[in-house]
Amino acid sequence: TQKHIDSLFSLFARSKAAAAGGEDDYDEDGGKKGGKEGGRSRRQSDRVRLNNYSKNAIIDIDGDTSVCPGTEEAALRAVGAACRGVDEVLGGQAETVFCVVRPPGHHATPDRAMGFCFFNNVGVAAMHARAKFGIKRVAILDPGRVGRGREGGREGRKEGDGILFF
């Protein structure tokens, strides 16, 4: 829902703003400016930066799900990959696609991020297929975590919306 999207983008902005306050303390190699910790690889630098964000830069949503300054890009790339997959198959560029994305999305509901998920990627992709390509019915199979972990597929579905989730 729009309220959920607005809430997430507000959290993304708060996290980035809080992190920006301490960014100037680190050089491009991840070490403290003027300190001896420089010369790290990019991966080590990212870990140092994450560990050194202020407490305000990491925002807990539900005990499992947190927002940090990189969350917005990761969440948007994940949902974008699902929509791009729809475009490629329905546009005739590919017969099949398989999107391996993190965060996975199957816990997110239309109104809430939870369980490490921000957007229900496959649900958004199904709505994208219906809106852009006029697809009348979509079936979604989530074989992972059968019987649990699919909150986003069950919630928010309306009778007759053309999307079947199992």
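Smallest separation of non-hydrogen atoms from Phe118 and Ala75: CB-CB, 4.0 Å. Of all heavy-atom pairs between Phe133 and Gly91, the closest is CE2-N, 4.3 Å. The nearest pair of heavy atoms linking Ala78 to Arg102 is CB-O, 4.1 Å. Taking both residues in full, the closest heavy atoms of Cys99 and Ala81 are given as SG-O, 3.4 Å, listed atom of the first, atom of the second, then distance.
Looking only at distances, no side-chain donor or acceptor of Asn121 sits under 3.5 Å from a matching main-chain atom of His106. In this structure, Arg130 contributes its side chain and Lys136 its backbone to a donor-acceptor pair below 3.5 Å. Looking only at distances, a side-chain donor or acceptor of Asp62 sits under 3.5 Å from a matching main-chain atom of Gly115. A donor-acceptor distance shorter than 3.5 angstrom exists from the side chain of Thr71 to the backbone of Cys68, with no hydrogens or angles considered. Distance alone, capped at 3.5 Å, places no donor-acceptor pair between the Asp111 side chain and the Lys3 backbone. Distance alone, capped at 3.5 Å, is enough to place a donor-acceptor pair between the Ser15 side chain and the Ala57 backbone.
Under the 4.5 Å side-chain heavy-atom criterion for ILVMFWY residues, no single connected hydrophobic cluster contains both Val97 and Val101. Under the 4.5 Å side-chain heavy-atom criterion for Ile, Leu, Val, Met, Phe, Trp and Tyr, Phe116 and Val122 are members of distinct hydrophobic clusters. The same ILVMFWY cluster, assembled from side-chain heavy atoms under 4.5 Å apart, contains both Val86 and Ile135.
Under the 4.5 angstrom side-chain criterion for Ile, Leu, Val, Met, Phe, Trp and Tyr, the cluster partners of Val100 are Phe98.
The shortest distance between side-chain heavy atoms of Asn120 and Pro110 does not fall below 4.5 Å. Side-chain contact check for Arg112 versus Ile61: every heavy-atom pair is 4.5 Å or farther apart.
The line from CG of Asp64 to CE of Met114 is 10.5 Å long, rounded to the nearest 0.5 Å. Distance check, rounded to the nearest 0.5 Å: NZ of Lys16 to CD of Glu73 gives 8.0 Å. With values rounded to the nearest 0.5 angstrom, Arg84 atom CZ is found 11.5 Å from Arg77 atom CZ.
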Derivation of the side chain to side chain contact (heavy atoms under 4.5 Å, CB included) call for Thr65 and Cys117:
CA-CA 7 Å; Thr65 313; Cys117 302; over 6 Å; no

Test side chain to side chain contact (heavy atoms under 4.5 Å, CB included) applied to Val67 and Arg14, step by step:
CA-CA 9 Å; Val67 171; Arg14 270 183 41 210; over 6 Å; no

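Within a 6.0 Å sphere centred on CD of Gln93, other residues, nucleotides and ligands contribute more than 12 heavy atoms.
Between His4 and Phe119, the two ring planes are perpendicular [angle over 60°; tilted spans 30° to 60°].
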